[in-house]
Undergrad: 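Before we start, here is the structure in question, set down as structure tokens.
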Amino acid sequence: MSLAGQIAWDDTILPFQLDRADVRGRVARLDSVLETILGQHAYPAPVAALIAEAVLLTALIGQTIKRRWRLSLQIRGRGPVRLIATDYFGPTAEGEPARMRAYAGFDAEAAAAHVGAPFDLVDGGVFAILIDQGPGAAPYQGMTPVAGASLAECAETYFAQSEQLPTRFALAMGEASSPGRPARWRSGGVMLQHMPKAPPRPDSLPAGADGLTTAADLVDGEDADDWNRAVTLLSTVEATELIGPHVGPDQLLLRLFHEEGPRVYTPQPVRFGCTCGPEKVVRSLSIYSPEEIASMTTEDGRVTADCQFCGAHYEFDPAELGLRPEA
């Protein structure tokens, strides 16, 4: 693929449908978005890998939300990685890019010394998705236990358990370099979802020994044949095809699913974007006690706060926060 072709597919999400199998999906490529998100903090390598996976999952899942809505993914772990939070903001108008941001809270010493799989740093907890539809609408939230061996498997469990949608992900991420250029983070992935004709009632869902529903529990007969065929084809994908840059997403779909009748839709561009601002910071500070506010106050009496997502620094006069100076 030419450099122009590579750039055209960087930071995009391509929706598609497999007509023969009644399966829909998305292909995502993230480059500058991921590099900007990870560049906000000096994350240890295993934490950066977890954030990269969470951001890619959020891009693939979030592409379906409506304009101006927000989809948030949160992983609250019991291990050294306590929190991974990502946001996908739907485009504000036709043709506009979606925006993404993310950060992680973790034990820096334990994460830096970790030598196992990055997912082990989570060590159980909760996987949650929240959809904010804007003013006047109650947000939707669904959650399932952290399960499996990766964040992708957690997401597959979430969709089977909470949405009754058979779902499969194939993801790849890492630092890549080109001749004469410094290494930078890239990621790519494919998401498949089978469209059930009539989803089962939650109280009738089958479950495995761990009490959780899987994709295999949700399809049978001809639907199972179609789903298993699509998943088998997806399993042949290679990491270099997912990340690129030599194979475009449209070419990848033809390589994987040419007999399934792939049909592509308009690609969605994605950019880094944060919604923080002085007013929002003031509102967030209102929940803190005077003792906690005191810990954020400098010697010259200014209250300071930093945005975890974008690194923006804010300073306020205590009077702006409704605080009275001590006598």
Undergrad: Identify whether F257 and V264 are in the same connected component of the hydrophobic contact network (ILVMFWY, side-chain heavy atoms under 4.5 Å).
TA: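 Same cluster.
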Undergrad: Looking only at heavy atoms, which two atoms of L34 and A52 are closest? And how far apart?
TA: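 Distance-wise, the nearest heavy atoms are CD1-CA, 3.7 Å.
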Undergrad: Within the side chain of H114, is there an N or O that forms a donor-acceptor pair under 3.5 Å with the backbone of A117?
TA: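 Present.
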Undergrad: So do the side chains of L83 and I75 get within less than 4.5 Å of each other, counting heavy atoms only?
TA: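 They are not in contact (no side-chain heavy atoms under 4.5 Å apart), so the answer is no.
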Undergrad: If we ignore hydrogens and angles and just use 3.5 Å, is the side chain of Q251 paired with the main-chain N or O of V247 as donor and acceptor?
TA: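 Side chain of Q251 to backbone of V247, a donor-acceptor pair under 3.5 Å: no, none is there.
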Undergrad: Test I61 against every option in I129, T86, I131 by the side-chain contact (heavy atoms from CB on, under 4.5 Å) rule and name the one that passes.
TA: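 Running side-chain contact (heavy atoms from CB on, under 4.5 Å) over I129, T86, I131 with I61 returns exactly one hit, I129.
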Undergrad: To check you understand the geometry: which heavy-atom pair defines the closest contact between A111 and P46, and what is its length?
TA: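 Nearest heavy atoms, A111 then P46: O-CG, 3.6 Å.
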Undergrad: If I take atom CD1 from residue I37 and atom SG from residue C310, how far apart are they, to the nearest 0.5 angstrom?
TA: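 Between I37 CD1 and C310 SG, I get 11.5 Å after rounding to 0.5 Å.
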Undergrad: Is any side-chain heavy atom of Q63 less than 4.5 Å from a side-chain heavy atom of P15?
TA: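 When only atoms from C-beta onward are counted, P15 and Q63 do touch, with a gap below 4.5 Å.
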Undergrad: Side chain to side chain contact (heavy atoms under 4.5 Å, CB included), that's the test. Do V270 and R99 meet it? Break it down for me.
TA: CA-CA 6 Å; V270 187; R99 293 168 297 144; over 6 Å; no
Undergrad: Would you say the side-chain atoms of K280 pair up with the backbone N or O of T275, donor to acceptor, closer than 3.5 Å?
TA: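 Side chain of K280 to backbone of T275, a donor-acceptor pair under 3.5 Å: yes, one is there.
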Undergrad: Taking the side chain as C-beta and beyond, is there a heavy-atom pair between V23 and Q193 under 4.5 Å?
TA: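 Of all side-chain heavy-atom pairs linking Q193 with V23, none is under 4.5 Å.
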Undergrad: Do Q40 and Y103 meet the criterion of a side-chain donor-acceptor pair at a distance under 3.5 Å?
TA: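 Judged by distance alone, the side chains do not pair up.
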Undergrad: Please find the pair of heavy atoms, one from L218 and one from Q164, that lie closest to each other, and give the distance.
TA: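 Scanning both residues, the minimum pair turns out to be CD1-C, 3.6 Å.
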Undergrad: Classify the side-chain pair E260/H258 by whether it contains a donor and acceptor separated by less than 3.5 Å.
TA: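 E260 vs H258: no donor-acceptor pair found between side chains.
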Undergrad: Are more than 12 heavy atoms, taken from residues, nucleotides or ligands other than D220, located less than 6.0 Å from that residue's CG atom?
TA: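 No - once you tally the heavy atoms of other residues, nucleotides and ligands closer than 6.0 Å, there are 12 at most.
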Undergrad: Determine whether W227 and D223 make a side-chain contact, defined as any pair of heavy atoms from C-beta on separated by less than 4.5 Å.
TA: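 The answer is no, as the side chains (C-beta and beyond) never meet within the 4.5 Å cut-off.
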Undergrad: Looking at every heavy atom in both A49 and M173, which two are closest together, and how far apart are they?
TA: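 Closest approach of A49 to M173: O-CG, 4.3 Å.
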Undergrad: Are any of the side-chain nitrogens in E96 or R67 under 4.0 Å away from the carboxylate oxygens of its partner?
TA: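 Judged by the 4.0 Å cut-off on N to carboxylate O distance, E96 and R67 do not form a salt bridge.
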Undergrad: Show your working on side chain to side chain contact (heavy atoms under 4.5 Å, CB included) between M191 and F159 and close with a plain yes or no.
TA: CA-CA 12 Å; M191 174 183 183; F159 278 105; 4.0 Å; yes
Undergrad: Are M100 and W9 grouped together when hydrophobic residues (ILVMFWY) are joined by side-chain heavy atoms under 4.5 angstrom apart?
TA: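 Result: no, two separate clusters.
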Undergrad: Do Q161 and T144 meet the criterion of a side-chain donor-acceptor pair at a distance under 3.5 Å?
TA: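 No.
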Undergrad: Could you state the interatomic distance from CD (E53) to CD1 (I84), rounded to the nearest 0.5 Å?
TA: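 The CD atom of E53 sits 8.5 Å away from the CD1 atom of I84.
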Undergrad: Could you tell me which non-hydrogen atom of A137 sits nearest to which non-hydrogen atom of Q133, and how far apart they are?
TA: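 Answer, listing the atom of A137 first, then Q133: CB-CB, 3.8 Å.
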Undergrad: Taking salt bridge (charged side-chain N to carboxylate O under 4.0 Å, His left out) as the test, write out the residues that go with R101, two or more places apart.
TA: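 Only D87 meet the salt bridge (charged side-chain N to carboxylate O under 4.0 Å, His left out) criterion with R101.
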Undergrad: Does the side chain of Q17 come under 3.5 Å of the side chain of R24 through a donor N or O and an acceptor N or O?
TA: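 Note: Q17 and R24 side chains miss the donor-acceptor criterion.
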Undergrad: To the closest 0.5 Å, what do you measure between OG1 (T12) and CD (Q268)?
TA: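 Result: 9.5 Å between the selected atoms.
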Undergrad: How many angstroms lie between atom CD1 of I13 and atom CG of L30, to the nearest 0.5 angstrom?
TA: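 Result: 7.0 Å between the selected atoms.
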Undergrad: Between R255 and E241 (salt bridge meaning N to carboxylate O under 4.0 Å), is one present in this structure?
TA: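 Result for this pair is yes, salt bridge flagged.
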Undergrad: Between N228 and A224 (side chain of the first, backbone of the second, donor and acceptor by atom type, cut-off under 3.5 Å), is there such a pair?
TA: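 Checked: pair present.
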Undergrad: Please test L252 against V190 for side chain to side chain contact (heavy atoms under 4.5 Å, CB included), starting from the C-alpha separation and ending with a verdict.
TA: CA-CA 10 Å; L252 176 59; V190 178; 4.2 Å; yes
Undergrad: Any donor-acceptor pair under 3.5 Å linking the side chain of T297 with the backbone of G301?
TA: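 Checking the backbone N and O of G301 against the side chain of T297, no donor-acceptor pair under 3.5 Å is found.
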Undergrad: Please assess F119 against V146 for the test side chain to side chain contact (heavy atoms under 4.5 Å, CB included), listing each intermediate value before the final yes or no.
TA: CA-CA 10 Å; F119 183 71; V146 167; 3.5 Å; yes
Undergrad: Same cluster or not: are F309 and V281 linked, directly or through other Ile, Leu, Val, Met, Phe, Trp or Tyr residues, by side-chain heavy atoms under 4.5 angstrom apart?
TA: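 Not linked; separate clusters.
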Undergrad: Answer yes if the side chains of Q308 and D306 hold a donor-acceptor pair under 3.5 Å, and no otherwise.
TA: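 No, no side-chain donor-acceptor contact under 3.5 Å.
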Undergrad: Between the side chains of R29 and D10, is the shortest nitrogen-to-carboxylate-oxygen separation below 4.0 Å, so that they form an ion pair?
TA: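 Not counted as a salt bridge, because no side-chain N and carboxylate O are separated by less than 4.0 Å.
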Undergrad: Going by side-chain heavy atoms closer than 4.5 Å, which hydrophobic residues are tied to L130, directly or by a chain of links?
TA: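 Members other than L130 - counting any ILVMFWY side chain reachable under 4.5 Å - there are none.
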Undergrad: Any idea which heavy atoms bring A28 and L60 closest together, and the distance?
TA: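 Here A28 and L60 meet closest at CB-CD2, 3.6 Å.
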Undergrad: Would you say that Y140 contacts D132 through its side chain, given a criterion of any heavy-atom pair below 4.5 Å between the two side chains?
TA: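 Of all side-chain heavy-atom pairs linking D132 with Y140, none is under 4.5 Å.
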Undergrad: Report yes if the side chains of Y265 and R26 come closer than 4.5 Å at any heavy-atom pair, otherwise no.
TA: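 Y265 does not reach R26 side chain to side chain.
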Undergrad: Under 3.5 Å, side chain of E35 to main-chain N/O of W185, donor-acceptor pair present?
TA: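 Flag set: sc E35 to bb W185 pair under 3.5 Å.
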Undergrad: Assess whether atom CD of Q141 is packed by more than 12 heavy atoms of other residues, nucleotides or ligands within 6.0 Å.
TA: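 Enclosed: over 12 neighbouring heavy atoms sit under 6.0 Å from CD of Q141.
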Undergrad: Consider only side-chain heavy atoms of I, L, V, M, F, W and Y, link residues closer than 4.5 Å, and tell whether L171 and L151 are in one cluster.
TA: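 Yes; L151 is reachable from L171 via cluster members.
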Undergrad: What I want to find out is whether R20 reaches D226 closely enough, with some N-O distance under 4.0 Å, to be called a salt bridge.
TA: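 No.
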Undergrad: Calculate, to the nearest 0.5 Å, the distance between atoms CD1 and CZ belonging to I65 and F89 respectively.
TA: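 So the CD1 of I65 and the CZ of F89 are separated by 9.0 Å.
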Undergrad: Is any NZ, NE, NH1 or NH2 atom of the basic residue among E175 and R186 found under 4.0 Å from an Asp or Glu carboxylate oxygen of the other?
TA: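 The answer is no: the pair does not qualify as a salt bridge.
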Undergrad: Taking the side chain as everything from C-beta on, heavy atoms only, tell me whether L192 gets closer than 4.5 Å to T167.
TA: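 They are not in contact (no side-chain heavy atoms under 4.5 Å apart), so the answer is no.
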Undergrad: I'd like to know if L233 and F169 are part of one continuous hydrophobic network [Ile/Leu/Val/Met/Phe/Trp/Tyr, side-chain heavy atoms within less than 4.5 Å].
TA: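 The answer is no; the residues belong to distinct hydrophobic clusters.
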Undergrad: For R271, which residues count as a salt bridge (charged side-chain N to carboxylate O under 4.0 Å, His left out) partner, sequence neighbours excluded?
TA: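 Applying salt bridge (charged side-chain N to carboxylate O under 4.0 Å, His left out) to R271 gives none.
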Undergrad: Under 4.5 Å between any side-chain heavy atoms of Y88 and W69, yes or no?
TA: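 Side-chain contact under 4.5 Å: no.
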Undergrad: Just how far is it from atom CG of L73 to atom OH of Y158, taken to the nearest 0.5 Å?
TA: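 Reported to 0.5 Å precision, the distance equals 9.0 Å.
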